[in-house]
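Since the structure comes first, as structure tokens, the remarks are kept for the end.
Numbering starts at 1 and runs along the sequence shown. Computed from a predicted model, the values in this text were never measured in an experiment.
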Amino acid sequence: MKSEHTGIKRILRAFGYSWNGLVSTFKTEAAFRQDLMLCVGGIALQFFIDVPTLHRIIMLFSLTFIILAELINTALETVIDRIGAEYNPMSGRVKDIGSAVVMLTIISVVVLWICLIVL
């Protein structure tokens, strides 16, 4: 369906939809709230770590990947749940793969942080 809005009006409406997605995910997904708290903890931890400014910036931006991965995982799970409540092995695979994306993202961020702090 093509939007009737263009230009700045379309951008503002898109921002509103995105904001609604964040609020909805925060309200309904415990994993998203946990990941947000992990990121807030990481931001707080940076005040106690002596690293160069560039490393600090990279560390901060890396935390956004955790949130992005969780949002994608939540979107996948929502679509699967919309399709049907009955168990389906393919649906299970999709949910497991989404969960793996989040896990690997968190592991990657932890390894990145360790490398930036140590090196």
Side-chain angles (χ1 to χ4, degrees):
M1 183 166 127
K2 187 158 170 78
S3 174
E4 61 192 52
H5 304 287
T6 60
I8 192 72
K9 194 170 193 174
R10 186 194 66 76
I11 292 169
L12 290 174
R13 291 180 73 85
F15 179 82
Y17 299 142
S18 299
W19 181 255
N20 290 344
L22 286 171
V23 170
S24 172
T25 304
F26 183 83
K27 287 180 179 179
T28 61
E29 295 295 323
F32 182 74
R33 292 189 299 273
Q34 291 167 346
D35 289 340
L36 270 179
M37 294 311 300
L38 175 69
C39 292
V40 168
I43 292 168
L45 180 63
Q46 284 201 328
F47 290 107
F48 303 101
I49 300 172
D50 184 29
V51 294
T53 302
L54 180 59
H55 287 194
R56 191 175 307 279
I57 292 168
I58 293 168
M59 292 165 75
L60 282 171
F61 275 106
S62 72
L63 294 174
T64 63
F65 290 110
I66 295 171
I67 301 304
L68 293 171
E70 189 60 54
L71 284 168
I72 292 167
N73 183 43
T74 299
L76 289 170
E77 288 182 347
T78 302
V79 169
I80 293 300
D81 291 344
R82 169 69 171 88
I83 291 170
E86 71 281 348
Y87 177 77
N88 181 299
M90 290 177 67
S91 296
R93 272 187 64 208
V94 170
K95 288 186 171 194
D96 290 348
I97 291 167
S99 180
V101 169
V102 175
M103 180 191 69
L104 290 175
T105 301
I106 292 170
I107 291 170
S108 297
V109 168
V110 168
V111 170
L112 174 68
W113 275 50
I114 290 169
C115 290
L116 290 173
I117 291 168
V118 173
L119 300 177

Approximate separation, where rounding is to 0.5 Å, of [X] [atom1] and [Y] [atom2]:
X	Y	atom1	atom2	answer
M103	S108	CE	OG	9.5 Å
I43	L38	CD1	CG	10.0 Å
I8	F15	CD1	CZ	11.5 Å
T64	I67	OG1	CD1	8.5 Å
R10	Y17	CZ	OH	10.5 Å

Between [X] and [Y], what is the shortest heavy-atom contact and its length?
X	Y	value
V101	A69	CG1-CB, 4.0 Å
F26	L36	CD1-CD1, 3.6 Å
D50	R56	CA-NH2, 4.5 Å
I66	C39	CB-SG, 4.2 Å

Check: Are V111 and C115 close enough, and set up right, to give a side-chain contact (heavy atoms from CB on, under 4.5 Å), and what steps lead you there?
Finding: CA-CA 6 Å; V111 170; C115 290; 4.2 Å; yes
Item checked: Side chain proximity check, L116 to V51, heavy atoms < 4.5 angstrom ->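 With C-beta onward as the side chain, the pair stays apart.
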Checklist line | Heavy-atom side-chain proximity of L68 to T105 below 4.5 angstrom | finding: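 A side-chain contact under 4.5 Å is absent here.
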Note to self: Does R33 have more than 12 heavy atoms from other residues, nucleotides or ligands lying within 6.0 Å of its CZ?
What the structure shows: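 Yes, CZ of R33 has more than 12 neighbouring heavy atoms, counting only those of other groups under 6.0 Å.
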Margin query: Could you check whether atom CG of N20 has more than 12 heavy atoms from other residues, nucleotides or ligands sitting under 6.0 Å from it?
Written below: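 Yes.
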Cluster overlap [X] with [Y], hydrophobic side-chain contacts below 4.5 Å:
X	Y	result
I72	I83	yes
F65	L54	no
L112	F61	no
L104	W113	no
I117	I58	yes

Notebook entry, point to check: Under the 3.5 angstrom rule, does the side chain of S62 hit a backbone N or O of M59 as a donor-acceptor pair?
Noted result: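 Yes.
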Check: Any sub-3.5 Å donor-acceptor pair from N73's side-chain atoms to S99's backbone N or O?
Finding: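 It does hold such a pair.
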Next item on the list: Evaluate the side-chain contact (heavy atoms from CB on, under 4.5 Å) criterion for residues N88 and I80: first the C-alpha distance (whole Å), next the side-chain angles of each, then the deciding distance (0.1 Å), finally the verdict.
Entry: CA-CA 10 Å; N88 181 299; I80 293 300; over 6 Å; no
Notebook entry, point to check: Where do E70 and T74 land on the side-chain contact (heavy atoms from CB on, under 4.5 Å) test, with the steps shown first?
Noted result: CA-CA 6 Å; E70 189 60 54; T74 299; 3.5 Å; yes
Next item on the list: Please assess F32 against V102 for the test side-chain contact (heavy atoms from CB on, under 4.5 Å), listing each intermediate value before the final yes or no.
Entry: CA-CA 10 Å; F32 182 74; V102 175; over 6 Å; no
Note to self: Holding to salt bridge (charged side-chain N to carboxylate O under 4.0 Å, His left out), I want the full list of residues that pass it with K95, two or more places apart in sequence or in another chain.
What the structure shows: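 Here the qualifying residues are D81.
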Checklist line | Identified side chain to side chain contact (heavy atoms under 4.5 Å, CB included) partner of L63 from the options I106, V109, D35 | finding: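 That would be V109.
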